[in-house]
Participant: 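Sharing a structure, written as structure tokens. Questions coming.
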Amino acid sequence: MSVVPLLRPEPRPEIMAIDLYVPGKSRVAGLAKAHKLSSNESPLGPSPKALEAFRSSAHDLAVYPDGSARILREAVGRRFGLDPERVLCGNGSDEILALLAHVFLRPGDEGLYSEHGFLEYPISIRAAGATPVVAPETDRTASVDALLAKVGPRTKIVYLANPNNPTGTYLPYAEVRRLHAGLPTDCLLVLDAAYAEYVARNDYAAGIEFAASRPNVVMTRTFSKIHGLASLRIGWAYGPAHVVDAVNRVRAPFNLNGPAIAAGVASLEDAAHIEAAIAHNARWLPWLAESIGKLGIGVTPSVANFLLLEFGRNGIGDAAEADAFLSARGFILRSVSAYGLPHCLRMTVGGEEANRGVVEALAEFVRGGRG
Ligand SMILES: *Cc1c(COP(=O)(O)O)cnc(C)c1O
């Protein structure tokens, strides 16, 4: 009697090499209420106009949404002066980042990103069967020289989050241009500008003009951060017509749902709400950086809506102790060990109560009141 081997469906081996993405925590066991400062969501929430559009869309739940998300692409076009035909919408910008890898990478190709770059990049690169390549950073900031040193004939995609999550640092536009100038023309440069609205620096640009004028540059944006619509999953990208066309062939035909499309359009039209979110961040980001820095905790200079805090120096307890200490007091920060930053926690700029509360709690932690 021959033994029949027990077979089961086997995923491609590169899939099993992917580390599961672990999102920021959202609750503390035993606490009814906690301040969630772990996923860079907006403390102001969505625009009231977006909420209203979302509610109205409840009447249309039985019908398929417009698979081309035309009114959202047109609203993006009006708001940013772009050609709606070259706007690509995604179920969050995460979906677009993954689709770009799926479309432009094949086994044997390399996808490049920087040392503490967004974790979706290696996940997307591996899922496409290609090889992730990492370039070291300088002062927790992407280095164009280090990235270019890793570029070779097999490099087909470069992901740059600008500003980067979880470090909060950014590259000036001149540096982005220098990076692009050093890439082969068959390599796609993806500028992930998820936090662009928060950046108040004269030498920064999200890359709109660049994506509009270069055959190998795509810029991605999201409604999850400053628009306060993370749960609806809306992202968009702008790029060359040939890139948009290729991605449109493989994306799910109805990747954005109707309520998301409606709320996204209304949010784009509420400029005052975005201004309020920018003003809130402009007030609290420097206040948090200064107050926390004074405690002796390391603070990486950030231009986004979050701060990377470094523990374990100046006799201060380590990141895991700080995380537990803050959680017990109802403040949920983000562990960033998976980003190669085990000594750090990432904190989103919250509302006033949360911000003041975290600083008070951290002061107590530093004084050694660890229990
Ligand atoms: C939050 C974030 C995104 C946005 O993801 P969505 O899928 O649009 O919610 C993209 N890139 C970076 C670097 C981010 O931090």
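When a ligand or atom number is given, it counts from 1 through the structure's own listing order. Every heavy atom of this structure was used, including side-chain atoms; hydrogens, water molecules and symmetry mates were not.
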Participant: Looking at E10 and R8, is any side-chain nitrogen of the basic one under 4.0 Å from a carboxylate oxygen of the acidic one?
Facilitator: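 Salt bridge: yes.
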Participant: Would a single hydrophobic cluster contain both L97 and I208, if residues Ile, Leu, Val, Met, Phe, Trp and Tyr are joined by side-chain heavy-atom contacts under 4.5 Å?
Facilitator: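 No, I208 and L97 fall in different hydrophobic clusters.
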Participant: Check whether Y339 reaches the backbone of N165 with its side chain - one donor and one acceptor, N or O, closer than 3.5 Å.
Facilitator: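 Answer holds: no.
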Participant: Give the residue, atom name and distance (to 0.1 Å) of the protein heavy atom nearest atom 11 (N) of ligand 1.
Facilitator: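 Its nearest protein heavy-atom neighbour is D192 OD2, 2.6 Å.
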Participant: Taking the six-membered ring for Trp, are W284 and H280 parallel (under 30°), tilted (30 to 60°) or perpendicular (over 60°)?
Facilitator: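 Answer is tilted, since the angle falls between 30° and 60°.
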Participant: For G92, counting its heavy atoms only, list the atoms of ligand 1 lying under 4.0 Å from any of them.
Facilitator: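 Selected atoms, number and element: 6 (P), 7 (O), 8 (O).
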Participant: Which of the atoms in ligand 1, numbered in the order shown and given with their element, are less than 4.0 Å from a heavy-atom of R233?
Facilitator: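 Listed by number with element, the hits are 6 (P), 7 (O), 9 (O).
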Participant: List ligand 1 atoms under 4.0 Å from A194, heavy atoms only on the residue side.
Facilitator: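 Result: 2 (C), 3 (C), 10 (C), 11 (N), 12 (C), 14 (C).
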Participant: Is E197 salt-bridged to K225, going by a charged N under 4.0 Å from an acidic O?
Facilitator: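 No, no charged N to carboxylate O under 4.0 Å.
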Participant: Are the charged groups of R356 and E360 less than 4.0 angstrom apart, N to O?
Facilitator: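 So R356 does not pair with E360 through a salt bridge.
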Participant: Heavy-atom contacts with D94 under 4.0 Å: which atoms of ligand 1 show up? List them by number with element.
Facilitator: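 In order of number, 5 (O), 6 (P), 7 (O).
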Participant: Are there more than 12 heavy atoms of other residues, nucleotides or ligands under 6.0 Å from atom CZ of R12?
Facilitator: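 Yes, the 6.0 Å shell around CZ holds more than 12 heavy atoms from other groups.
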Participant: Is it true that the side chains of H227 and S267 contain a donor and an acceptor less than 3.5 Å apart?
Facilitator: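 Note: H227 and S267 side chains meet the donor-acceptor criterion.
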Participant: Describe, in one word, how the ring planes of H35 and F331 are oriented to each other, choosing from parallel (under 30°), tilted (30 to 60°) and perpendicular (over 60°).
Facilitator: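 Parallel, since the angle between the ring planes stays under 30°.
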Participant: With the threshold set at under 4.0 angstrom, would you say Y195 reaches ligand 1 through any of its heavy atoms?
Facilitator: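 True for this residue.
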Participant: For K225, take its heavy atoms, then give the atoms of ligand 1 lying under 4.0 Å from any of them.
Facilitator: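 Those of ligand 1 that fall under 4.0 Å from K225 are 1 (C), 2 (C), 3 (C), 4 (C), 14 (C), 15 (O).
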Participant: Within a distance under 4.0 Å of any heavy atom of N165, pick out the atoms of ligand 1 and give their elements.
Facilitator: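 Selected atoms, number and element: 13 (C), 14 (C), 15 (O).
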Participant: Against heavy atoms of S224, which atoms of ligand 1 measure under 4.0 Å?
Facilitator: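 Checking each atom against S224, I get 6 (P), 8 (O), 9 (O).
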Participant: Atom 4 (C) of ligand 1: which protein heavy atom is closest, and how many Å away?
Facilitator: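 Of every protein heavy atom, S93 OG, 3.2 Å lies nearest to atom 4 (C) of ligand 1.
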Participant: Hey, is N40 one of the residues with a heavy atom under 4.0 angstrom from ligand 1?
Facilitator: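 No.
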Participant: So is there a nitrogen or oxygen of Y121 less than 3.5 Å from a nitrogen or oxygen in ligand 1?
Facilitator: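 No; the residue has no nitrogen or oxygen that sits under 3.5 Å from a nitrogen or oxygen of the ligand.
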Participant: With respect to N91, determine whether any N or O atom, backbone or side chain, lies less than 3.5 Å from an N or O atom of ligand 1.
Facilitator: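 In this structure, N91 places no N or O atom under 3.5 Å from an N or O of ligand 1.
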